[in-house]
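Reviewing the structure listed below.
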Amino acid sequence: GGQPLESFIHPNRCVYILGSEDHGLPKDILTRCRFRVTLPSVNSSNFNVSAAGSILMYDRYLKRNTPQCVIDSTQSIDYKQNGNPRNKRKIWRQQ
């Protein structure tokens with residue numbers, strides 16, 4: 001377990017150490033890590049290391065190269081208008 005990737009702020013300079021999907025990282029390495037990040041998942045708590053690394057790097061790229069956005073929870077768009085009856089989408093506004 002660690003901080004959810006959604007709220008993690010990537011340091012400017014860092015090294016990412018990825019553990020195996022079966023056993024993760026050894027405790028002696030974990031104790032030397034400043035941050036621990038948990039990846040979101042729907043059906044499984046494990047990703048193979050290639051997928052985990054790709055998700056992590058894509059998240060870093062997005063957070064460093066797109067304007068910061070916040071959710072405006074007072075407004076929403078009903079997807080029924082667009083053929084998706086499941087959920088309403090929150091409106092994002094640039095900060």
TODO: Please test Tyr16 against His10 for side chain to side chain contact (heavy atoms under 4.5 Å, CB included), starting from the C-alpha separation and ending with a verdict.
DONE: CA-CA 10 Å; Tyr16 295 96; His10 298 267; 2.7 Å; yes

Open item on the list: Under the criterion side chain to side chain contact (heavy atoms under 4.5 Å, CB included), I'd like the reasoning laid out for Asp59 against Glu6: C-alpha separation, chi angles, the key distance, then a yes or no.
Closed with: CA-CA 8 Å; Asp59 183 75; Glu6 297 91 350; over 6 Å; no

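Summarising the geometry of Arg64 relative to Pro11, their closest heavy-atom pair is NH1-O, 4.1 Å, with the distance given to 0.1 Å.
Heavy atoms from other residues, nucleotides or ligands lying under 6.0 Å from CG of Leu62 number more than 12.
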Counting only pairs under 3.5 Å, give me each side-chain donor-acceptor contact of residues 24-36, with atom names and distances, residues two or more places apart or in other chains.
residue: Thr31; atom: OG1; partner: Lys27; partner atom: O; Å: 3.4
residue: Thr31; atom: OG1; partner: Asp28; partner atom: O; Å: 2.9

Contacts under 3.5 angstrom, residues 47-58 side chains, donor-acceptor by atom type, not counting sequence neighbours:
residue: Asn48; atom: OD1; partner: Ser50; partner atom: N; Å: 3.1
residue: Asn48; atom: OD1; partner: Ala51; partner atom: N; Å: 2.8
residue: Ser54; atom: OG; partner: Ser50; partner atom: O; Å: 3.0

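Tyr61 pairs by the side chain to side chain donor-acceptor pair (under 3.5 Å) definition with nothing, not counting sequence neighbours.
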